[in-house]
Amino acid sequence: MDTKLKKRIGKIVSWLLTFLLMLVICIPGLWVVLTGFRPNREVLAKPAIWIPEELTLNNFAQIFGFGAEQIAIPVPAYFTNSLIIALTSTAIALLVGMSGGYAFARFRFKYKDTLFLGLMLSRTVPGIALSLPVFMIWSRIGLIDTKPGLIIVYVALNVPFTIWLIDGFFRQIPKEMSEAAQVDGCTRWQAFWKIEFPLAKSGIASAGIFAFLTSWNEYALASQLTRSTDSKTLPVGLMDFTAQFTIDWAGMSAMAVIIIIPALILTFIVQKHLISGLTFGGVKG
Amino acid sequence: MAEIKLENVVKNYGKLEVVHGINLDIAHNEFVVLVGPSGCGKSTTLRMIAGLEEITDGEISIGPQVVNELPPRKRNISMVFQNYALYPHMSVRENLGFGLKIAKQSDAMVEERVGEAAEILGLQELLDRTPAELSGGQRQRVAMGRAIVRHPEAFLFDEPLSNLDAKLRVQMRTEIKKLHQKVKTTVVYVTHDQVEAMTLADRIVVMKDGWIEQVGTPMEVFNHPVNTFVASFIGSPPMNLIPATVEGAEIVFADTTRLPVPARLESHISDGQKVILGLRPDDLTPEGHGIIESGQKASMQLTVDLAELLGTETILYTQINGQEVLGKMFDPREVEPGESMSFNISLDKVHLFDAETQKSVRLG
Ligand SMILES: Nc1ncnc2c1ncn2[C@@H]1O[C@H](COP(=O)(O)OP(=O)(O)O)[C@@H](O)[C@H]1O
Ligand SMILES: [Mg+2]
């Protein structure tokens, strides 16, 4: 009876702690979403209005040009740029990650460990420290304010991570599976696509999400390397809401929501592959 | 359904040579077992036959065709791996049918062959499960099923039973033997377990450090080991090997114990030759507890240090020449440690090896 009570109290306490922790993590995000649906005058009111009195879609309507007053921020262009840049750089980073991860997991070659370590160490340099050299080189070869310019930077940013993650997943798949498939009549390439790829899918999917989110949310480098609607991405576009003396908090929040939504959708789509995980009933007894 | 031929096959990993020019002829439908301690190159040899490892030098042919340059898929062999390597994302049915599907066989054909294999191996009830839902023995069976559906030229097995517990291992051993009788095909089977080798093989290939030490039927290898390595590797408990010197018509141990030279080996040794005497525990038996009581015999008074009861027989630990030596007591009675007994040595069964070359003196 006594221990039962103790257990129950322990459970309640741990729930409370979890709830508090989640609250701390979620409140800023929720606050941004909430602000996106409130009129600016309420957001800026002094004394502050804590409980929203009025919810509106006006901020979104304005962003997409349907509002009463037009704003001069080309969100659709930013959105398109973001999508093209994030998707392309993710696709490339995944391709490189898959080839690299497979090579590291399966083959022996000279300087393999050094190379792997080098890749990981490249991530210890903060991206922003590279922004000046990259800026200088890019401006010489005309990549400033272009989508390819940003795509290359993001691929470089993501590749070490995708290689590392995908390598780990291929490593878990015994090489005998590919060999069994080859004995069963597959070419090496078929064995990869029919056996190893499906088994490493969850790893590749998670690498993809991370790469996409990194590119989608990146601000520091993009703000240096982009200028115009040719290449500006959504996070950079957020700063358009700050005029010289005013900040359109509500508009900015609405746009933040727009940035969040595709990322959320993608995560949900890919999530099911993450959970499916690896069940290696194929080996051992 | 083919013979397999290895001619001077060499394998290097970088600078390291792990298989040193081996020759082997495997007959049509023969069950050949490669046996040897871990690291002796058994798997490497098997994988070269399968085409999973490149051959550094030499020639391998399957049937009439030299396969050196052929990828595994063109060799028409199938292989069962130590860890089974079942495809975890496919059902048992899909695992079995995978090879046929890749070969673009018709659905009807795939179904027929899968059904046939499932029946042979008793897998009918399991066809819709995934490998994760199977026990060790069942996985083993699926792996064998996957090997037989394609009706290949040869089966290659790489230590297929080593992941099973002792009881299941014995059971599956029998099943593999039965399978070979049902599905007559050439089999190359790798194991480090000499009991498996003895029970399964038509012919045993004993390997060590990348060399073939001896090839022969289980009986030949057991009764006529060509050197001390094969002598001690095949048979359990292993053969006792005791260094000695030939003095006239006697074999003398360092502690001056003497045995007469077995008559059948007289012509193979010379006076003063340093030899190693090989004596199987079965041939060192206490008076009245041997199997064969005829033939040339010698006797020795020995002290039993320890007796290990196995039921139908007892293993006796004793010493000759200060070295631990094992004997066997058939139809056993209670033995007290420290008890002194009169042992018979069946001289007809004694082996002699040259101390320098470690080779049987019968080989000159
Ligand atoms: N990929 C490899 N690279 C280098 N050496 C290897 C490789 N595979 C096996 N070896 C070496 O070759 C020898 C034979 O290995 P293997 O054929 O697996 O032995 P067995 O199957 O008889 O235990 C061992 O010494 C092993 O260390
Ligand atoms: Mg092996």
Side-chain angles (χ1 to χ4, degrees), chain A residues 98 102-103 105-115 166 168-206 270-285, chain B residues 13-14 47 50-53 71-90 92 95-105 129-140 142-143 146-147 149-150 152 155-156 158 160-165 168-169 172:
Chain A
M98 260 158 67
Y102 190 80
R106 283 284 188 269
F107 302 129
R108 299 182 179 206
F109 47 88
K110 261 194 182 167
Y111 308 120
K112 177 170 157 174
D113 294 343
T114 323
L115 208 64
I166 294 173
F169 275 82
F170 279 131
R171 230 170 254 266
Q172 283 184 46
I173 304 169
K175 73 175 191 329
E176 282 86 357
M177 289 207 184
S178 156
E179 292 175 347
Q182 288 174 58
V183 171
D184 262 350
C186 290
T187 61
R188 217 173 160 142
W189 188 244
Q190 280 177 314
F192 176 80
W193 285 109
K194 288 187 188 297
I195 307 296
E196 292 174 299
F197 177 77
L199 294 176
K201 215 165 53 181
S202 55
I204 294 164
S206 19
V270 182
Q271 181 189 238
K272 119 172 167 291
H273 297 288
L274 294 185
I275 299 170
S276 77
L278 294 169
T279 39
F280 274 119
V283 288
K284 282 267 167 115
Chain B
Y13 283 115
R47 293 166 54 81
L52 295 168
E53 297 286 348
R73 68 177 192 282
K74 297 212 172 131
R75 297 192 181 197
N76 197 16
I77 39 96
S78 57
M79 183 153 170
V80 175
F81 294 84
Q82 180 169 8
N83 60 13
Y84 316 144
L86 302 179
Y87 312 129
H89 56 308
M90 297 181 191
V92 169
N95 263 280
L96 293 178
F98 182 75
L100 297 169
K101 286 247 171 68
I102 291 291
K104 305 232 159 54
Q105 302 289 359
R129 299 208 196 156
T130 63
E133 297 164 334
L134 301 177
S135 72
Q138 290 168 334
R139 284 176 200 173
Q140 173 62 58
V142 176
R146 197 170 62 180
V149 284
R150 282 187 299 116
F155 293 145
L156 311 179
D158 192 356
L161 304 183
S162 57
N163 279 336
L164 300 176
D165 60 55
L168 209 51
R169 203 176 311 155
M172 290 308 294

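Here the structure is a predicted model, which means the values were calculated and not measured. Numbered from 1 within each chain, the chains take letters A, B, ... in sequence-line order. Heavy-atom basis, side chains included; hydrogens, waters and symmetry copies ignored.
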- prompt: Just wondering, are more than 12 heavy atoms of other shown residues or ligands nearer than 6.0 Å to CZ in A/F109?
  reply: yes
- prompt: Taking atom NZ of A/K112 as the centre, does the number of heavy atoms from other residues, nucleotides or ligands within less than 6.0 Å exceed 12?
  reply: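 Result for NZ/A/K112: enclosed.
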- request: Mind listing the closest non-hydrogen atom pair of B/R146 and A/A180 along with its distance?
  value: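 For B/R146 and A/A180, the tightest heavy-atom pair comes out as NH2-CB, 3.5 Å.
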- request: Indicate the atoms forming the closest heavy-atom contact of B/M79 with A/V183, along with that distance.
  value: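 Residues B/M79 and A/V183, closest heavy atoms: N-CG1, 3.7 Å.
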- line: To the nearest 0.5 Å, atom CG of B/N83 lies from atom CE of A/M177 at 7.0 Å
- prompt: In Å and rounded to the nearest 0.5 Å, what is the CE to CG distance from B/M90 to A/L199?
  reply: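 So the gap between those two atoms works out to 8.0 Å.
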- request: Please tell me if the side chains of A/I195 and B/H89 come closer than 4.5 Å, counting only heavy atoms from C-beta onward.
  value: yes
task: Answer yes or no: is there a side-chain heavy-atom contact under 4.5 Å between B/L52 and A/E176?
output: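 Answer no - side chains too far apart.
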statement: Checked A/K194, A/Q190, A/R188 vs chain B; the most non-hydrogen pairs under 4.5 Å come from A/K194
- prompt: Which region of A/T187, side chain (C-beta onward) or backbone (N, CA, C, O), has a non-hydrogen atom less than 4.5 Å from a non-hydrogen atom of chain B, or is it both or neither?
  reply: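 The answer is both parts of A/T187.
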- line: So, the part of B/I77 with a heavy atom under 4.5 Å from chain A: the answer is both
- prompt: Can you say whether B/R75 sits under 4.5 Å from chain A via the side chain, the backbone, both, or neither, judging by heavy atoms?
  reply: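 Interface part for B/R75: neither.
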